[in-house]
Amino acid sequence: MSRLLPAVLDVLLVVVFAAVGRRSHAEGLDVAGVLRTALPFLVGTAAGWLVAGITLDGGPRTLGYGVVVVVLTVVVGMGLRALAAQGTAPSFVVVATVVLSVLLLGWRLVARLLG
């Protein structure tokens with residue numbers, strides 16, 4: 001359970017990011033639409049977990065682990081969106097990077113401060 005909870009939090013927060021983005025752009029909040037928007041970023045999150053798990057000594061709750069997850073979530077997510085001819089405007093890349101950093105690093109920081 002100790003390794004599962006951080007993964008679930010990351011996935012949940014990426015889905016929240018997608019849902020909030022869809023809502024702010026007046027797109028539907030249907031489950032299929034939210035998952036379609038989140039999917040490229042979820043693939044990136046999985047890649048981040050894989051790379052961090054292989055290359056880092058710290059566990060998934062560490063900030064270093066979170067940085068790897070954020071970077072790959074954004075890079076892979078935007079790359080897949082570009083391949084699918086979805087939006088990757090520079091402003092979206094900046095907003096996604098900031099929001100995902102706050103979400104995916106924020107819970108780790110709070111856990112560190114409370115732990």
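Between V74 and L100, some side-chain heavy-atom pair lies under the 4.5 Å cut-off. The side-chain heavy atoms of V15 and L42, taken from C-beta on, include a pair separated by under 4.5 Å. A 4.5 Å side-chain heavy-atom check between L9 and R108 finds every atom pair outside the cut-off.
Going from atom CG of L80 over to atom OG1 of T88 covers 11.5 Å, rounded to the nearest 0.5 Å. A distance of 6.0 Å separates CZ in R36 from CZ in R22, rounded to the nearest 0.5 Å. If you take CG on L63 and CG on L104, they are separated by 11.5 Å, rounding to the nearest 0.5 Å. Interatomic distance, T97 OG1 to M78 CE, rounded to the nearest 0.5 Å: 6.0 Å. Distance check: R112 CZ to L105 CG gives 11.5 Å after rounding to the nearest 0.5 Å. The CZ atom of F92 sits 7.0 Å away from atom NE2 of H25, with the distance rounded to the nearest 0.5 Å.
Contact between G59 and T62 at its shortest, heavy atoms only, is O-OG1, 2.8 Å. Residue F41 comes nearest to V14 through the heavy atom pair CB-CG1, 3.7 Å, listed as atom of the first residue, atom of the second, then distance. The minimum heavy-atom distance linking T55 with V51 is given by the pair OG1-O, 2.7 Å. Of all the heavy atoms in G87 and R81, the pair that sits closest is O-NE, 2.9 Å. The two atoms that bring A47 and V76 nearest to each other are CB-CG2, 4.4 Å, heavy atoms only.
Neither V71 nor V98 shares a network with the other; the hydrophobic side chains, linked directly or stepwise wherever heavy atoms of I, L, V, M, F, W or Y lie under 4.5 Å apart, form separate groups for each. Tracing side-chain contacts under 4.5 Å through hydrophobic residues (I, L, V, M, F, W, Y), one never reaches V70 starting from L50; they form parts of separate clusters. Under the 4.5 Å side-chain heavy-atom criterion for grouping Ile, Leu, Val, Met, Phe, Trp and Tyr, L72 is connected to L83 within one hydrophobic cluster. Cluster membership check: F17 does not share its hydrophobic cluster with V20, using side-chain heavy-atom separations under 4.5 Å among Ile, Leu, Val, Met, Phe, Trp and Tyr. V31 and V16 fall into different hydrophobic clusters, where Ile, Leu, Val, Met, Phe, Trp and Tyr residues are linked whenever their side-chain heavy atoms come under 4.5 Å apart, directly or through other members.
Sorted pairs that involve residues 65-74 and meet salt bridge (Lys or Arg N to Asp or Glu O under 4.0 Å), not counting sequence neighbours, are lacking altogether.
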**Q.** Intermediate values then yes/no, side chain to side chain contact (heavy atoms under 4.5 Å, CB included), L5 and R61
**A.** CA-CA 10 Å; L5 183 59; R61 289 182 170 85; 4.1 Å; yes
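The environment of CG in D57 is sparse: at most 12 heavy-atom neighbours from other residues, nucleotides or ligands sit within 6.0 Å.
Ring geometry, Y65 versus W49: the interplanar angle exceeds 60°, so the pair is classed perpendicular (tilted spans 30 to 60°).
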